[in-house]
Amino acid sequence: MRKVDKGIEPPSLTDWKAANPVGNYTGLTNRERVDIRFYCVREQFYICAYCCQAITGQNDDCMNEHVEARKLAPHRSLDYKNIVASCTALNQCDDSHGAQPLPLTPFMNECETEFRFKLVDE
């Protein structure tokens, strides 16, 4: 996992939140969702926030992922600093996260030192 430093949220999200002060992530249009994903992918250097697999930013290989799950923190559903781009690989990353709290997140400095990887030939 590589540490993610969040930047400024997309202007379309800022505008949507101003126009919908009691809105939540479910109410976003496709435009805001795509903009969020594009901003996240760029600041993550086109890699998944969890497994570091290459992602393109397209719907077929990544998605907007709430690090603190919406089910556990509905008040953070529109908090850009809680959203990363995650791969859509089966049984990993977003697919395995569900709504459980994560003890280590891509926002923590420790995320780069607490894992060991072993490369294997396929």
Side-chain angles (χ1 to χ4, degrees):
M1 191 181 303
R2 183 176 175 179
K3 184 170 186 308
V4 173
D5 293 314
K6 296 301 290 178
I8 297 169
E9 70 183 18
S12 62
L13 177 59
T14 304
D15 294 345
W16 191 91
K17 290 192 299 190
N20 301 277
V22 294
N24 61 40
Y25 187 84
T26 307
L28 293 177
T29 69
N30 191 54
R31 176 179 178 222
E32 290 87 28
R33 290 173 189 241
V34 168
D35 288 352
I36 291 168
R37 188 170 56 246
F38 177 72
Y39 272 58
C40 288
V41 168
R42 267 196 341 201
E43 68 194 11
Q44 292 169 214
F45 303 99
Y46 293 84
I47 61 173
C48 173
Y50 298 117
C51 71
C52 295
Q53 172 179 289
I55 53 178
T56 65
Q58 301 302 311
N59 257 351
D60 60 341
D61 73 351
C62 72
M63 63 179 298
N64 296 336
E65 156 75 355
H66 290 79
V67 174
E68 191 173 2
R70 289 184 282 164
K71 185 175 184 178
L72 300 177
H75 62 285
R76 296 198 68 200
S77 76
L78 294 174
D79 181 358
Y80 179 69
K81 296 195 181 298
N82 184 45
I83 303 172
V84 294
S86 172
C87 74
T88 56
L90 188 61
N91 297 321
Q92 69 182 49
C93 304
D94 172 71
D95 193 38
S96 67
H97 176 202
Q100 62 189 333
L102 299 175
L104 192 65
T105 75
F107 304 135
M108 300 171 157
N109 290 328
E110 301 83 5
C111 77
E112 293 189 355
T113 59
E114 294 299 312
F115 290 109
R116 288 192 188 162
F117 297 95
K118 180 179 180 183
L119 299 176
V120 293
D121 292 332
E122 291 186 25

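Numbers here are sequence positions counted from 1. Every value quoted in this text rests on a predicted model; they were computed, and no experiment measured them.
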**Q** Is a side-chain donor-acceptor pair under 3.5 Å present for Glu32 with Ser12?
**A** no
**Q** Same cluster for Tyr39 and Val4 if Ile/Leu/Val/Met/Phe/Trp/Tyr side chains link at under 4.5 Å?
**A** no
**Q** Is a donor on one side and an acceptor on the other found under 3.5 Å between the side chain of Gln44 and the backbone of Ala85?
**A** yes
**Q** For the CG atom of Asn59 and the CG atom of Asn30, what is their distance to the nearest 0.5 Å?
**A** 7.0 Å
**Q** Using the rule that two of Ile, Leu, Val, Met, Phe, Trp, Tyr join whenever any of their side-chain heavy atoms come within less than 4.5 Å, decide whether Tyr80 and Val84 are in one cluster.
**A** no
**Q** Between Glu65 (side chain only) and Ser86 (backbone N and O only), is there a donor and an acceptor less than 3.5 Å apart?
**A** no
**Q** Roughly how far, to the nearest 0.5 Å, is the CE atom of Met1 from the SG atom of Cys48?
**A** 8.5 Å
**Q** How long is the span from the CD1 atom in Ile8 to the CD atom in Glu43, to the nearest 0.5 Å?
**A** 10.5 Å
**Q** Is there a path of hydrophobic side-chain contacts, each under 4.5 Å between heavy atoms of I/L/V/M/F/W/Y residues, joining Val41 to Phe45?
**A** no
**Q** Does any N or O in the side chain of Lys6 come within less than 3.5 Å of the main-chain N or O of Ile83, such that one atom is a donor and the other an acceptor?
**A** yes
**Q** Got a donor-acceptor contact below 3.5 angstrom from the Ser77 side chain to the Asn24 backbone?
**A** no
**Q** Please check: side-chain N/O of His66 versus main-chain N/O of Asn82, any donor-acceptor pairing under 3.5 Å?
**A** no
**Q** Rounded to the nearest 0.5 Å, what separation is found between the SG atom of Cys52 and the CD1 atom of Ile47?
**A** 4.0 Å
**Q** Do you know the tightest heavy-atom contact between Gln92 and Cys51?
**A** NE2-SG, 3.5 Å
**Q** Can you sort out the partners of Asp61 under side-chain hydrogen bond (donor to acceptor under 3.5 Å, both in side chains), two or more places apart, ordered by chain and number?
**A** Thr56
**Q** How many angstroms lie between SG in Cys40 and CD in Glu9, if you round to the nearest 0.5 Å?
**A** 10.5 Å
**Q** Does Leu78 form a side chain to side chain contact (heavy atoms under 4.5 Å, CB included) with Leu13? I'd like the steps, not just the answer.
**A** CA-CA 8 Å; Leu78 294 174; Leu13 177 59; 4.2 Å; yes
**Q** Counting only heavy atoms from other residues, nucleotides and ligands, does the tally under 6.0 Å from CZ of Arg42 exceed 12?
**A** yes
**Q** Testing the basics here: between Ala18 and Pro21, what is the closest heavy-atom pair and its distance to 0.1 Å?
**A** O-CD, 3.9 Å
**Q** According to a 4.5 Å side-chain heavy-atom criterion applied to Ile, Leu, Val, Met, Phe, Trp and Tyr, with indirect links allowed, do Tyr50 and Met63 form part of one hydrophobic cluster?
**A** no
**Q** To the nearest 0.5 Å, tell me how far Cys111 SG sits from Leu102 CG.
**A** 11.5 Å
**Q** Do you know the tightest heavy-atom contact between Arg37 and Gly57?
**A** NE-O, 2.7 Å
**Q** Evaluate the criterion side chain to side chain contact (heavy atoms under 4.5 Å, CB included) for residue pair Thr26 and Arg70; output intermediate values, then yes/no.
**A** CA-CA 10 Å; Thr26 307; Arg70 289 184 282 164; 3.8 Å; yes
**Q** Between Arg76 and Glu68, which heavy-atom pair has the shortest distance, and what is it?
**A** NH1-OE1, 2.7 Å
**Q** I'd like to know if the side chain of Arg33 reaches the main chain of Tyr25, judged simply by a donor and an acceptor atom lying under 3.5 Å from each other, with no hydrogens or angles considered.
**A** yes
